[in-house]
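First up is the structure itself, then whatever we jot down about it.
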Amino acid sequence: MAQVQRMSRMMIKTLRDDPADAETLSHKLLVRAGYVRRNAAGIWSWLPLGKKVLENVARVVREEMDAIGAQEVLLPALLPKEPYEATGRWEEYGAELFRLKDRKGADYLLGPTHEEIFTQLVKDQCTSYKDLPVILYQIQIKYRDEARPRSGILRGREFHMKDSYSFDTTDEGLAESYRLHREAYVRIFDRLGLRHKVVSAVSGAMGGSASEEFLAPAAAGEDTFVYCPSCDYAANTEAVTFAGGVPVDGSGHGPVEELDTPDTPTIETLAEHLGVPASATLKNLLVKVDGEIIAVGVPGDREVDLGKLEDHLAPAVVEMVTAEDFTGRPDLVRGYVGPQGLDKVRYIADPRVAPGTAWITGANQPDKHARNVVCGRDFQVDDYLDVVVVEEGDPCPRCGTGLKLDRAIEIGHIFQLGRKYTDAFQLDVLGQQGKPVRVTMGSYGIGVSRAVAALAEQTADDKGLCWPREIAPADVHVVAAGKALQTELALDVSEKLREAGLRVLVDDRAGVSPGVKFTDAELIGVPRILVAGRRSGEGVVELKDRRTGEREELTVEEAVARLTAE
């Protein structure tokens with residue numbers, strides 16, 4: 001709705017200096033421009049300008065969700081324990097879950113996501129195949145007790161999210177609901193002006209099969225993804241899969257040879273001592289899976305991706321071993337573990353540790369390693385799992401070209417959940433044949449508040465924020481650069497712009513220098529700036545494009561016509 005916001009009457013205070021704890025561009029600028037203020041670690045207040053941007057993002061999301069036939073609801077954020085116990089997520093979420101008790105001692109949580117509650121709602125409301133398919137969504141505050149909330153609103157403990165859920169009677173119906181969401185998400189992020197990539201992902205604690213992330217490339221991103229410069233392959237690093245090592249003929253390798261290798265507990269010290277590349281060694285990482293020690297073998301020049309390992313072994317809890325775990329275990333020699341001596345330990349290996357390959361690895365004795373340790377001859381692999389950290393140059397799983405790495409912010413995630421949650425709550429409807437049919441689900445999320453930060457990261461420049469018009473707090477920022485005459489003209493042109501249907505922010509503050517006003521206009525980042533300055537007496541104003549810096553002088557009538565035509 002068109003309106004004039006007068007800065008003389010608004011609660012807005014800009015800052016010249018960056019917050020001391022700010023590391024990312026969005027954190028610095030959203031605080032400095034008066035969009036948000038910190039209350040506690042990971043908890044933020046949205047001030048008038050910030051609330052408008054947040055609501056503009058939410059409006060675009062609502063319009064596109066409504067366009068695919070989704071229906072908006074609003075479910076509580078304070079939730080009972082029992083539904084999350086039924087799906088196992090009361091425990092699976094671990095320390096990230098905000099848990100609390102009411103005065104009667106009953107357990108509750110603050111909702112991190114709402115699959116369970118939506119499933120119960122549909123079970124209560126839908127009884128026949130005629131009631132389906134249905135897509136429900138909400139824009140709601142979510143809560144996760146992040147261990148290290150940081151980067152301003154990018155990683156908070158309280159955040160705004162759109163979550164939607166599809167309910168279908170067939171797998172084909174689920175695939176269609178998934179397609180509708182995928183296409184809607186592309187439209188949403190295009191309208192918001194967010195550069196984004198759609199990448200293959202893992203489902204993690206959400207469960208289900210097909211899963212894709214929408215990532216906004218940005219230096220401040222906490223997600224690393226890969227993309228292929230030769231084909232359209234793109235994936236979160238945890239979703240990249242290695243095709244598998246090809247077995248080789250290991251008969252030509254000599255017998256296992258024991259080596260004296262004092263003070264070489266790391267791959268780096270071992271490779272230097274022996275004068276061999278790290279890739280010739282076998283690294284054996286010990287971890288605990290639900291309390292049981294297992295070993296993970298990877299080539300010595302690669303690192304174990306614990307996130308991948310956790311995804312493969314979910315819902316089991318994966319932890320690093322500690323010094324105490326070696327007590328009473330003479331078969332485990334810290335720094336010198338080799339798979340050929342792990343009879344009592346489950347051995348998981350990366351596919352690169354293929355049958356017939358020979359390695360230098362620990363000899364299970366202090367200060368000793370072994371050469372010519374052959375997979376399949378001297379040790380057996382219990383399970384092959386792709387668990388190495390992906391590196392730039394690794395072959396594309398689709399075409400073999402060397403992959404590229406980039407950083408990004410996760411702004412959306414879509415899942416084909418299948419029947420994990422409907423099985424937990426026995427969500428059936430009466431089918432066309434008169435028999436019960438188990439419903440299948442999809443889950444689809446967009447980080448609404450995170451999209452604000454991602455946009456700030458992608459569009460800001462060295463002067464401040466620079467919003468796309470669709471989500472900016474105003475269409476035009478009018479600046480009264482001087483005395484009463486300029487203020488009078490600024491207010492007059494602001495009213496004309498409002499009557500023409502534009503949202504206007506006007507800087508009519510008294511006692512503030514023109515230089516400060518110009519600096520604030522660039523910091524706040526409205527896409528068009530209109531200055532009532534030295535030629536105000538002639539009815540001439542200056543129109544500036546915030547992004548390009550281009551300026552031109554126009555009469556008031558010309559400026560109004562130009563801005564309303566955009």
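Values below: every heavy atom of this structure, side chains too, minus hydrogens, waters and symmetry copies. Throughout, residue positions are numbered sequentially from 1 according to the sequence presented.
Of all non-hydrogen atoms in Ile188 and Ile446, the two that sit nearest each other are CD1-CD1, 3.7 Å. Shortest non-hydrogen contact noted between Glu116 and Thr87 is OE2-OG1, 2.6 Å. In terms of heavy-atom proximity, Gly254 sits nearest to Arg377 at O-NH2, 3.1 Å.
Using bins of under 30°, 30° to 60° and over 60° for the plane-to-plane angle, the ring pair Phe415/His413 lands in the parallel bin. Between His181 and Tyr444, the angle of the ring planes stays under 30°, which puts this pair in the parallel group of the 30/60° scheme. The aromatic rings of Tyr347 and Phe379 sit perpendicular, their planes meeting at an angle over 60°, well past the 30° parallel limit.
With His369 contributing its side chain and Tyr336 its backbone, the two residues share no donor-acceptor pair below 3.5 Å. Remark: the backbone N or O of Leu455 is paired with a side-chain donor or acceptor of Thr459 at under 3.5 angstrom. When atom types are taken as modelled, the side chain of Lys308 and the backbone of Ala239 share no donor-acceptor pair closer than 3.5 angstrom. Distance alone, capped at 3.5 Å, places no donor-acceptor pair between the Asp223 side chain and the Ile409 backbone. No side-chain donor-acceptor contact under 3.5 Å links Arg450 to the backbone of Gly412. With Asn364 contributing its side chain and Gly338 its backbone, the two residues share a donor-acceptor pair below 3.5 Å. At least one donor-acceptor pair closer than 3.5 Å links the side chain of Thr422 to the backbone N or O of Val439. Of the possible polar contacts, one joining the Arg157 side chain to the Ala41 backbone as a donor-acceptor pair under 3.5 Å is found. Remark: the backbone N or O of Asp406 is not paired with any side-chain donor or acceptor of Tyr227 at under 3.5 angstrom. Of the possible polar contacts, none joining the Asp423 side chain to the Lys420 backbone as a donor-acceptor pair under 3.5 Å is found.
Side-chain contact between Arg329 and Val345 is present, with heavy atoms from C-beta onward closer than 4.5 Å. Using a 4.5 Å heavy-atom cutoff, the side chains of Leu403 and Pro395 are not in contact. Side-chain contact between Glu292 and Asp290 is absent, with no heavy atoms from C-beta onward closer than 4.5 Å. Residues Phe118 and Gln138 are in side-chain contact: their nearest non-hydrogen atoms beyond the backbone lie under 4.5 Å apart. A 4.5 Å side-chain heavy-atom check between Val298 and Val353 finds every atom pair outside the cut-off. The closest side-chain heavy-atom distance from Glu64 to Arg191 is below 4.5 Å. Using a 4.5 Å heavy-atom threshold, the side chains of Thr440 and Thr170 count as separate. Side-chain atoms of Val304 and Val389, non-hydrogen and from C-beta on, never get closer than 4.5 Å to each other.
Distance check, rounded to the nearest 0.5 Å: CD of Gln416 to OG of Ser166 gives 8.5 Å. Atoms CG and CD, from Asp171 and Glu176 in turn, are 13.5 Å apart once rounded to the nearest 0.5 Å. The distance from atom CD1 of Ile411 to atom NE2 of His196, rounded to the nearest 0.5 Å, is 7.0 Å. Taken to the nearest 0.5 Å, the CD1 atom of Ile360 stands 10.5 Å off from the CG atom of Leu282. Distance CD/Gln380 to CG/Asp343: 11.0 Å, rounded to 0.5 Å. Here the straight-line distance linking atom CD of Glu319 with atom CG of Leu306 works out to 11.5 Å at 0.5 Å rounding.
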Query raised in the report: For Thr269 and Thr264, what are the C-alpha separation, side-chain angles and deciding distance, and is it a side-chain hydrogen bond (donor to acceptor under 3.5 Å, both in side chains)?
Result: CA-CA 5 Å; Thr269 55; Thr264 58; 5.0 Å; no

Query - side-chain contact (heavy atoms from CB on, under 4.5 Å) assessment of Met441 paired with Thr119 - result: CA-CA 9 Å; Met441 280 179 67; Thr119 306; 3.2 Å; yes

Report task. Output, in order, the C-alpha distance, side-chain angles, deciding distance and verdict of salt bridge (charged side-chain N to carboxylate O under 4.0 Å, His left out) for Asp107 and Arg99. Result -> CA-CA 7 Å; Asp107 288 306; Arg99 297 173 171 86; over 6 Å; no

Query raised in the report: For Asp378 and Gln340, what are the C-alpha separation, side-chain angles and deciding distance, and is it a side-chain hydrogen bond (donor to acceptor under 3.5 Å, both in side chains)?
Result: CA-CA 6 Å; Asp378 304 310; Gln340 69 279 16; over 6 Å; no

Report task. For salt bridge (charged side-chain N to carboxylate O under 4.0 Å, His left out), just list the numbers for Glu222 and Arg150, CA-CA rounded to whole Å, side-chain angles, deciding distance to a tenth of an Å, and then say yes or no. Result -> CA-CA 11 Å; Glu222 294 184 332; Arg150 56 195 179 277; 3.1 Å; yes

Report task. Start with the C-alpha gap between Thr113 and Asp163, add the side-chain angles, then the distance that decides, and say whether side-chain hydrogen bond (donor to acceptor under 3.5 Å, both in side chains) holds. Result -> CA-CA 8 Å; Thr113 183; Asp163 51 330; 4.6 Å; no

Requested in this report: Report the C-alpha separation of Glu92 and Arg89 in whole Å, then their side-chain angles, then the decisive distance to 0.1 Å, and conclude whether the salt bridge (charged side-chain N to carboxylate O under 4.0 Å, His left out) test is met.
Outcome: CA-CA 4 Å; Glu92 283 177 23; Arg89 295 209 297 175; 6.0 Å; no

Report task. Please test Leu405 against Thr224 for side-chain contact (heavy atoms from CB on, under 4.5 Å), starting from the C-alpha separation and ending with a verdict. Result -> CA-CA 7 Å; Leu405 290 173; Thr224 303; 3.9 Å; yes

Requested in this report: Decide salt bridge (charged side-chain N to carboxylate O under 4.0 Å, His left out) for Asp190 and Arg195; before the verdict, give the C-alpha distance in whole Å, the side-chain angles of both, and the deciding distance to 0.1 Å.
Outcome: CA-CA 7 Å; Asp190 284 347; Arg195 291 182 289 107; over 6 Å; no

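Under 4.0 Å is where a charged nitrogen must lie from a carboxylate oxygen, and between Glu146 and Arg155 at least one such pair does. Using a 4.0 Å cut-off between charged nitrogen and carboxylate oxygen, Asp18 and Arg32 count as a salt-bridge pair. In this structure, Arg302 pairs ionically with Glu391, as a charged nitrogen and a carboxylate oxygen lie closer than 4.0 Å.
Counting only N and O atoms by type, the side chains of Asp145 and Tyr143 include no donor and acceptor under 3.5 Å apart. Under 3.5 Å, the side chains of Ser164 and Lys162 contain a donor-acceptor pair of N or O atoms. Ser177 and Asp168 share a donor-acceptor pair across their side chains, judged by distance under 3.5 Å alone. For the residue pair Tyr178/Glu212, the side-chain donor-acceptor check at 3.5 Å is satisfied. For the residue pair Lys142 / His160, no side-chain donor-acceptor distance below 3.5 Å is found, with atom types taken as modelled. With 3.5 Å as the limit, one finds no donor-acceptor pair spanning the side chains of Ser151 and His27. Using modelled atom types and a 3.5 Å distance limit, the side chains of Asn236 and Glu213 yield a donor-acceptor pair.
Around atom CD of Gln426, no more than 12 heavy atoms belonging to other residues, nucleotides or ligands sit under 6.0 Å away. A 6.0 Å sphere centred on CD of Glu183 holds more than 12 heavy atoms belonging to other residues, nucleotides or ligands.
Residues Phe189 and Phe214 place their aromatic rings such that the two centres sit under 6.0 Å apart.
For the pair Arg371 and Trp359, the cation-pi criterion (under 6.0 Å, within 45° of the ring axis) is not fulfilled. Judged by the 6.0 Å and 45° rule, Lys81 forms no cation-pi pair with Tyr108.
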